[in-house]
2 protein chains.
Amino acid sequence: MGTPQLTKNQSLVMGALAHSDGPMSAYTILDKLRDHGFRAPLQVYRALDKLLEYGLVHRLESLNAFVACTCPQDHDHEHGVTAFTICEGCGQVTEFHDEAIEQRLSTLVRAQSFKTEKTTIEIRGHCKSCA
Amino acid sequence: MGTPQLTKNQSLVMGALAHSDGPMSAYTILDKLRDHGFRAPLQVYRALDKLLEYGLVHRLESLNAFVACTCPQDHDHEHGVTAFTICEGCGQVTEFHDEAIEQRLSTLVRAQSFKTEKTTIEIRGHCKSCA
DNA sequence: ATCGCCATGTAATGTTATTACATCAATTGC
DNA sequence: GCAATTGATGTAATAACATTACATGGCGAT
């Protein structure tokens with residue numbers, strides 16, 4: 001299967017996120033895309049839904065915002081749990097992945113007989129430059 | 001120092017959360033407390049801010065909702081990173097803590113020279129009963 | 001008593017997300 | 001060809017979540 005061809009709206013939203021230096025809210029994306037014919041929030045949310053589904057974009061729950069996936073690898077296969085550091089100073093977001101955490105969480109959740117669908121790990125704080 | 005005496009509004013909000021069987025949004029809390037004189041969202045948000053600060057309540061970022069802390073231990077000293085499983089079926093939220101994850105995250109974040117202020121770990125899925 | 005501090009009350013507004021309904025284009029099956 | 005289906009889109013309205021701004025009231029300390 002793989003990631004399908006993006007539609008026009010999906011490409012525009014993806015482009016906006018990819019060229020941004022940080023996370024963007026849906027409404028910020030909307031504003032950026034007014035010139036390209038975007039008029040309503042739903043146009044953004046619909047595109048984001050698909051991009052999230054394809055794994056091209058991540059949602060930052062603690063920010064109600066979205067970032068392009070920075071993972072170099074293919075998006076076709078799962079790349080497990082994604083975690084983020086989020087700097088309160090400069091807004092910089094860094095994505096990372098760790099097998100050890102993933103396994104440990106898996107063990108703990110299994111002990112509850114809980115079936116994981118989506119895992120959110122977000123660390124708010126200050127980056128090296130903003131410490 | 002320890003947790004200060006709660007004010008009237010803080011007690012009401014704490015009570016609402018403690019007696020609920022699951023997470024509540026700020027507006028749900030507001031509705032529950034109309035009979036006790038609550039009229040505006042701010043009354044709830046102000047109380048929540050303090051309760052969060054005291055560690056009596058947790059915010060679930062992926063739900064925009066709040067739960068009473070179920071941690072049996074004293075709230076006076078830090079009890080590190082808090083993680084949650086959240087069942088999409090029944091809404092049940094389970095709080096847990098794990099030293100191994102805490103240490104591993106600490107190591108990874110340190111490698112970035114990042115200074116953690118708050119860590120969010122939320123696992124959405126289905127509990128044993130709702131699988 | 002006056003000041004400062006903090007909790008409170010109220011209204012208005014800002015921000016994020018969804019529902020509902022209509023239209024349009026591409027594809028499929030007859 | 002031409003319904004029927006499916007998926008993307010457009011638009012408006014509304015719902016849900018959160019904050020700003022400003023006024024008031026209680027209470028302890030000087």
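Each chain gets a letter, A, B and so on, in the order the sequences are listed, and its residues count up from 1. Only heavy atoms go into these numbers, but all of them, side chains included; no hydrogens, no water, no symmetry mates.
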| When you check the side-chain N and O atoms of A/His126 and A/Glu88, is any donor under 3.5 Å from an acceptor? | no
| Under 3.5 Å, is there a donor-acceptor pair between the A/His97 and A/Glu95 side chains? | yes
Please report the distance, rounded to the nearest Å, between [atom1] in [X] and [atom2] in [N].
X       : N      : atom1 : atom2 : value
B/Leu6  : C/dT8  : CG    : P     : 10 Å
A/Leu48 : C/dA17 : CG    : P     : 9 Å
B/Met24 : D/dC17 : CE    : P     : 12 Å
A/Leu30 : C/dT15 : CG    : P     : 13 Å
A/Ile29 : C/dT15 : CD1   : C1'   : 14 Å
A/Tyr45 : C/dT19 : OH    : P     : 12 Å
A/Gln5  : C/dA26 : CD    : P     : 15 Å
B/Leu33 : C/dG9  : CG    : C1'   : 15 Å

| Centroid-to-centroid, B/Phe84 to B/His58, below 6.0 Å? | yes
| said: Applying salt bridge (charged side-chain N to carboxylate O under 4.0 Å, His left out) to A/Glu102 and A/Arg104, what does each step give before you reach the verdict? | reply: CA-CA 6 Å; A/Glu102 197 167 335; A/Arg104 182 74 184 139; over 6 Å; no
| request: Please check if atom NZ in B/Lys118 has more than 12 non-hydrogen atoms from other residues, nucleotides or ligands closer than 6.0 Å. | output: yes
| B/Glu53, CD: over 12 other non-hydrogen atoms inside 6.0 angstrom | yes
Is any side-chain N or O of [X] closer than 4.0 Å to OP1 or OP2 of [N]?
X       : N      : answer
B/Arg59 : D/dA18 : yes
B/Asn64 : D/dA18 : yes
B/Thr7  : C/dT8  : yes

| request: Decide yes or no for A/Thr120 and A/Thr82: does some side-chain heavy atom of the first lie under 4.5 Å from some side-chain heavy atom of the second? | output: no
| Protein proximity profile, nucleotides 10-16 of chain D - base contact B, sugar-phosphate-only contact S, no contact -, cut-off 4.0 Å on heavy atoms | BB-----
